[in-house]
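Worth knowing before you read on, the calculation uses all heavy atoms, side chains too, and leaves out hydrogens, waters and symmetry mates.
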Amino acid sequence: YSSAYFGYYLDLSDGEENAEWRWVTDEDIDYENFYETEPNRENPGEIYAMFYYKFTDGTWNDGDFGHKTNSGGKAYICEWDD
């Protein structure tokens, strides 16, 4: 991880309905890699999947887009068509 960021957000969210994770493109999810105790909805804003600096094995966390989850800058992993 870059020292400027504490997490990298994916385009995956359960904001529409708790525990119903969806890609922003509305595609079906065929792979999840949450850490063993995640997603935990530690605060109501934790609706975004992210790589988190505390989980060095590459598993995911549910974060709140940097409000309480971490105080570093925000970074994103994006997909787009050419």
Side-chain angles (χ1 to χ4, degrees):
Y1 286 104
S2 164
S3 61
Y5 303 106
F6 294 101
Y8 294 84
Y9 289 89
L10 307 171
D11 61 353
L12 183 65
S13 174
D14 76 337
E16 295 291 320
E17 188 173 334
N18 190 20
E20 293 293 325
W21 292 88
R22 301 293 301 169
W23 292 112
V24 70
T25 60
D26 207 33
E27 293 173 88
D28 291 335
I29 298 170
D30 57 3
Y31 174 79
E32 289 184 16
N33 193 29
F34 284 101
Y35 186 73
E36 62 188 39
T37 58
E38 301 294 340
N40 64 4
R41 206 46 97 100
E42 190 172 77
N43 71 63
E46 287 192 340
I47 62 172
Y48 304 101
M50 65 182 293
F51 288 104
Y52 194 37
Y53 77 99
K54 292 182 181 180
F55 305 150
T56 58
D57 60 358
T59 54
W60 306 343
N61 179 50
D62 60 331
D64 65 0
F65 215 54
H67 299 289
K68 293 182 182 177
T69 303
N70 63 60
S71 58
K74 296 177 186 79
Y76 316 91
I77 297 175
C78 302
E79 173 186 1
W80 64 88
D81 295 327
D82 283 334

Check the hydrophobic clustering (I, L, V, M, F, W, Y; side-chain heavy atoms under 4.5 Å; chains of links allowed) and say if V24 and Y31 are grouped together.
no
Find the distance between [atom1] ([X]) and [atom2] ([Y]) and round it off to the nearest 0.5 Å.
X   : Y   : atom1 : atom2 : value
N40 : N61 : CG    : CG    : 7.0 Å
N33 : D57 : CG    : CG    : 7.5 Å
Y9  : D64 : OH    : CG    : 5.5 Å

If every non-hydrogen atom of I47 is compared with every non-hydrogen atom of G15, which pair is closest and at what distance?
CD1-CA, 3.8 Å
What one should report as the nearest heavy-atom pair of R22 and D28 is NH1-OD1, 3.4 Å
Do E38 and F55 pass the side chain to side chain contact (heavy atoms under 4.5 Å, CB included) test, and can you show the C-alpha distance, the side-chain angles, and the key distance before you say yes or no?
CA-CA 11 Å; E38 301 294 340; F55 305 150; 3.8 Å; yes
Describe, in one word, how the ring planes of Y48 and F65 are oriented to each other, choosing from parallel (under 30°), tilted (30 to 60°) and perpendicular (over 60°).
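If you compare the ring of Y48 with that of F65, the planes turn out tilted.
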Parallel, tilted or perpendicular: which describes the rings of F51 and W60, with under 30° parallel and over 60° perpendicular?
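Judged by the thresholds at 30° and 60°, the geometry between F51 and W60 is perpendicular.
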Sub-4.5 Å side-chain heavy-atom contact between W21 and F34:
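A side-chain contact under 4.5 Å exists here.
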Can any side-chain N or O of E46 pair as donor or acceptor with the backbone N or O of E42 at less than 3.5 Å?
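Confirmed, E46 side chain pairs with E42 backbone.
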